[in-house]
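Down below is the structure, laid out as structure tokens.
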Protein chains: 2
Amino acid sequence: MTTRQPRTWSGRRPTLEEVAAHAGVGRGTVSRVINGSPRVSERTRAAVEAAIAELGYVPNNAARALAGNRTDAIALVVPEPERRFFAEPYFSDIVHGVGIALAETEFQLLLTFAGSDRERQRLAQYLAAQRVDGVLLVSVHADDPLPDLLEQSGMPAVISGRRSAEETLTSVDSDNFGGARDAVAHLVARGRRSIATITGRLDVYGAQRRLDGYRAALVEAGREVDEELVCPADFTEEGGRQATAELLERRPDVDAVFAGSDVMASGARQVLRSAGRRIPQDVALVGFDDSAIARHMDPPMTSVRQPIEEMGREMTRLLIEEIAAPGRRRAGAAGRRGREQLVLPNALVVRESS
Amino acid sequence: MTTRQPRTWSGRRPTLEEVAAHAGVGRGTVSRVINGSPRVSERTRAAVEAAIAELGYVPNNAARALAGNRTDAIALVVPEPERRFFAEPYFSDIVHGVGIALAETEFQLLLTFAGSDRERQRLAQYLAAQRVDGVLLVSVHADDPLPDLLEQSGMPAVISGRRSAEETLTSVDSDNFGGARDAVAHLVARGRRSIATITGRLDVYGAQRRLDGYRAALVEAGREVDEELVCPADFTEEGGRQATAELLERRPDVDAVFAGSDVMASGARQVLRSAGRRIPQDVALVGFDDSAIARHMDPPMTSVRQPIEEMGREMTRLLIEEIAAPGRRRAGAAGRRGREQLVLPNALVVRESS
DNA sequence: CAGTACTGTGGGAGCGCTCCCATGTGTGAT
DNA sequence: ATCACACATGGGAGCGCTCCCACAGTACTG
């Protein structure tokens with residue numbers, strides 16, 4: 001550990017006390033003005049504001065944080081290395097949504113990467129050091145201990161997606177079930193007979209829900225679910241390829257594939273192509289995420305779009321709500337304990353692959 | 001020693017004072033241990049560290065910041081909207097470099113966007129509120145008032161690139177002059193006779209230096225600089241297209257183009273192609289930045305690579321240095337006042353377009 | 001006209017640290 | 001043994017705020 005040194009630069013800034021003296025009022029009154037308390041007369045408020053402007057006063061945040069036990073900052077925790085964060089448009093959209101929601105508040109956003117274990121450790125320290133009032137968690141892996149850690153600590157937190165049907169943290173998710181159901185219903189409406197699905201890792205709750213949606217759509221169409229058409233994979237392109245190869249062998253009559261992610265769909269497409277199947281003439285293909293992959297695929301691919309920016313906005317809104325009313329829990333549908341679980345609708349974007 | 005569980009973080013956290021009581025020492029001693037002061041005996045240090053571990057003590061940063069007048073945080077200020085930030089690999093590399101340099105320190109990184117005026121205003125407040133010890137400025141526009149603002153305030157700051165030949169802030173730049181000179185020398189060596197250049201906005205210092213490098217390479221090769229071959233543009237693809245179209249009209253004999261950025265080179269390529277010029281047979285093309293554009297162009301394009309990650313590392317190193325030794329100025333080449341101006345070498349990456 | 005209920009205001013008491021001075025306590029030289 | 005001077009240590013004095021209690025002033029009640 002290194003020795004710390006005082007780090008002072010440039011001249012002293014005016015303090016609350018100085019503003020108070022300048023305005024001829026007490027310290028408390030200036031504080032009230034700064035914090036927008038209604039218990040200040042118009043005259044006094046004007047005088048104080050003039051003094052603030054004249055001295056160029058800006059409150060010292062460290063002091064506010066210490067005295068008020070709050071920081072006016074929230075952290076967006078990304079349990080990924082920087083590179084992946086920048087590579088995926090998902091994060092960009094989330095950050096944008098968060099930024100929009102935050103613009104109307106006094107909160108500052110801290111972007112925190114926790115890709116390596118070392119970074120995770122520092123993060124835990126950081127959060128414990130009470131540098132933020134709340135945490136937004138995105139892209140959480142199933143085995144990540146961070147959410148539980150946060151929950152135990154009582155730190156307000158909102159998670160994107162749910163870890164299970166009984167998520168205990170406040171969460172914002174997209175309607176994976178509905179999105180998948182719509183996609184498959186679309187394939188049914190297009191007259192496809194043998195509709196297969198390639199799933200993501202089923203220990204990821206969202207992947208499970210997409211599979212559930214697939215099943216529901218078939219049942220609603222009065223069809224039976226043929227388990228031979230359900231191909232488990234792992235969200236990767238290679239997984240998509242492999243699952244598709246096996247599928248073609250098992251069920252050469254397949255005429256539609258609903259993939260649980262665009263990336264897996266991309267793998268599927270490669271195998272379908274090299275097997276001589278035309279898209280969409282022989283086999284229709286639908287993905288999930290509506291990422292750049294879907295738009296740039298040849299042919300452009302039908303995919304389920306998640307309202308990611310809106311998710312970012314809603315996460316932020318819920319987090320701020322939770323910070324404002326700590327410990328408050330909202331009644332769930334069943335009226336039992338639990339924090340809010342917000343689910344936003346997805347939209348099917350139809351393109352030429354189906 | 002009993003391996004009692006560190007108390008969970010819920011509720012009140014232990015304070016310095018409590019740790020001191022637990023270890024049977026004074027407050028000051030615990031502070032010294034935490035801050036790595038050498039003036040503590042081994043025995044005492046061990047006792048304190050045990051108490052810290054047992055209580056799960058983590059220092060309160062707000063209190064530290066207030067008492068010590070420092071925050072252990074630096075801000076990376078990006079005067080761009082989020083979208084562009086994520087879109088450009090430049091930023092990703094910078095952040096990565098910064099992260100590497102920071103990993104060995106206690107500093108936390110704050111990512112701050114200041115794309116809109118509103119965000120700029122908040123940023124100024126933020127900095128004034130003493131939330132950070134220093135600022136890294138990247139991608140600063142020529143007319144941005146922020147650098148001057150920071151300089152006036154005395155806040156330690158490091159800028160990427162220079163705003164002019166006499167940059168007054170500490171800066172880290174790549175050798176635009178040398179990179180351009182190498183690129184053009186390479187074209188000369190390839191036997192090209194009429195070498196044109198498409199420049200970026202010349203009020204951007206880096207663009208000017210690239211043009212200077214172009215000229216120097218020609219002079220060094222014993223050639224005259226033909227001003228008809230110098231095409232001013234604006235860093236955009238459209239600008240590259242337009243400049244190239246005019247160039248072809250003015251000087252149909254052109255057999256090489258050095259563009260001041262890959263994006264402009266991409267525009268140039270389109271026009272050259274549609275004019276029936278083959279690359280590299282008829283016209284050689286060299287870009288600047290070595291971005292994804294260069295690698296994925298058809299044919300893959302020769303380009304000047306900037307050591308962006310290293311720039312991020314060096315910026316961070318210099319900033320921390322400046323924070324540690326406030327007000328210190330390093331002697332420039334002329335022995336006059338001025339902060340360090342670091343210039344890192346560029347490398348020409350030769351591909352098939354030249 | 002006392003009694004009650006406000007509203008507006010001042011300022012004490014911390015928040016949890018760091019800084020620094022005063023006070024031990026041990027070492028070596030004389 | 002005596003002095004000098006290290007080093008180790010305890011704790012007071014803030015850092016600049018927010019919180020909250022006390023009190024003055026004003027405006028209604030009955």
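By convention in this document, chain letters (A, B, ...) are assigned in the order of the sequence lines, proteins followed by strands, and residues within each chain are numbered from 1.
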Donor-acceptor contact below 3.5 Å, side chain Asp133(A) vs main chain Thr71(A): yes
Length of the line joining Asn61(A):CG and dC17(D):C1', which is rounded to integer Å: 10 Å
Thr29(B) side chain near dG10(D) phosphate (N/O to OP1/OP2, under 4.0 Å): yes
Contact check, side chains of Thr316(A) and Phe107(A), non-hydrogen atoms, under 4.5 Å: no
Rounded interatomic separation in angstrom, taking CD from Glu42(B) and C1' from dC7(D): 14 Å
Pair Glu151(A) + Arg339(A): basic N to acidic O under 4.0 Å: yes
N/O (side chain, Ser31(B)) to phosphate O (OP1/OP2, dC17(C)) under 4.0 Å: no
Nucleotide nearest Arg64(A) (side chain, heavy atoms from C-beta), chosen from dC17(C), dT18(D), dT9(D): dT18(D)
Whole angstrom value for the distance that separates P of dC19(C) from CG of Leu16(B): 12 Å
Note, Ile74(B) side chain near Met315(B) side chain (heavy atom, < 4.5 Å): no
Under 4.0 Å protein heavy-atom contacts per nucleotide of nucleotides 20-28 of chain D, with B for base, S for backbone only and - for none: ---------
Spacing of Asn69(B) atom CG relative to dA13(D) atom P, expressed in whole Å: 21 Å
Whole-Å distance separating the CG atom of Leu66(B) from the P atom of dA13(D): 18 Å
Pair Arg163(B) + Asp148(B): basic N to acidic O under 4.0 Å: yes
N or O in side chain of Ser41(B) less than 4.0 angstrom from dT9(D) OP1/OP2: yes
Residue whose nearest DNA chain D nucleotide is more 5′ - Val25(B) or Thr15(A): Val25(B)
Positive for side chain to side chain donor-acceptor pair (under 3.5 Å) with Thr170(A), one of Glu321(A), Glu340(A), Glu322(A): Glu322(A)
Interatomic distance where CZ belongs to Arg39(B) and C1' belongs to dG24(C) [whole Å]: 14 Å
d(CG, Asn35(B); P, dG16(C)) in whole Å: 17 Å
SB check Asp173(A) Arg162(A) (cutoff 4.0 Å): yes
Under-3.5 Å donor-acceptor pair between Arg27(B) side chain and dG12(D) base: yes
Interatomic distance where CG belongs to Asn60(A) and C1' belongs to dG16(D) [whole Å]: 6 Å
